[in-house]
Amino acid sequence: MTDVATDQLQVWVDQDLCTGDGLCVQYAPEVFEFDVDGLAYVKGVDGELRLAPGSRVDVPEHLRLEVIDSAKECPGECIHVVRGSDGVEVAGPEAEDD
């Protein structure tokens with residue numbers, strides 16, 4: 001049984017759709033950061049940006065709401081939050097609305 005409240009979440013950014021608006025960086029600067037190209041990327045617990053397309057990082061437990069909110073509010077609809085157990089999108093452009 002998987003539950004978004006307890007399952008490990010992962011997040012990735014589709015840079016092809018990123019508008020560089022920066023809401024994600026404001027919501028969760030520990031998870032999102034701009035690179036020199038002006039686009040948002042995810043970064044790991046080591047603080048290193050994950051520059052490869054589709055790179056995912058685990059969402060820290062204490063930032064779950066901020067990361068989910070950033071996906072919901074993103075004007076570029078480029079942030080994807082998925083359950084680690086099965087890859088189902090729980091927030092972002094491909095998430096099913098409840």
Review point. Considering only heavy atoms from C-beta outward, does the side chain of L9 approach that of V82 to under 4.5 Å?
Key: no
Study note, to complete from the structure: Heavy-atom closest pair (C18 atom, C78 atom, distance to 0.1 Å) is CA-SG, 3.7 Å
**Study point:** Heavy-atom check, side chain of H80 versus side chain of P93, under 4.5 Å
**Key:** yes
Listed pairs under 3.5 Å, donor-acceptor, residues 26-38 side chains, sequence neighbours left out:
| residue | atom | partner | partner atom | Å |
| --- | --- | --- | --- | --- |
| E33 | OE1 | K43 | NZ | 2.7 |
| D37 | OD1 | L39 | N | 2.9 |
| D37 | OD2 | Y41 | OH | 2.6 |

Review point. Is any side-chain N of the basic residue among R83 and D86 closer than 4.0 Å to the acidic one's carboxylate O?
Key: yes
Exercise for review: Determine whether D21 and P75 make a side-chain contact, defined as any pair of heavy atoms from C-beta on separated by less than 4.5 Å.
Suggested key: yes
**Study point:** Smallest separation among heavy atoms of G76 and T19, with atom names
**Key:** CA-CG2, 3.7 Å
Review point. According to a 4.5 Å side-chain heavy-atom criterion applied to Ile, Leu, Val, Met, Phe, Trp and Tyr, with indirect links allowed, do L23 and V42 form part of one hydrophobic cluster?
Key: no
Check your understanding: For V59 and Q8, which heavy atoms make the closest approach, and how far apart are they?
Key -> O-NE2, 3.2 Å
Check your understanding: Okay, side chain of Q15, backbone of A40: is any donor-acceptor separation there less than 3.5 Å?
Key -> yes
Please output the side-chain donor-acceptor pairs of residues 45-54 that fall under 3.5 Å, not counting sequence neighbours, one pair per line with the distance.
| residue | atom | partner | partner atom | Å |
| --- | --- | --- | --- | --- |
| D46 | OD1 | E48 | N | 2.9 |
| D46 | OD1 | R50 | NH1 | 3.2 |
| D46 | OD1 | R50 | NH2 | 3.4 |
| R50 | NH1 | E48 | O | 3.0 |

**Study point:** Shared hydrophobic cluster, L63 / I79 (ILVMFWY, side-chain heavy atoms < 4.5 Å)
**Key:** yes
Exercise for review: Indicate yes or no for a side-chain donor-acceptor contact from E89 to the backbone of E94 under 3.5 Å, with no hydrogens or angles considered.
Suggested key: yes
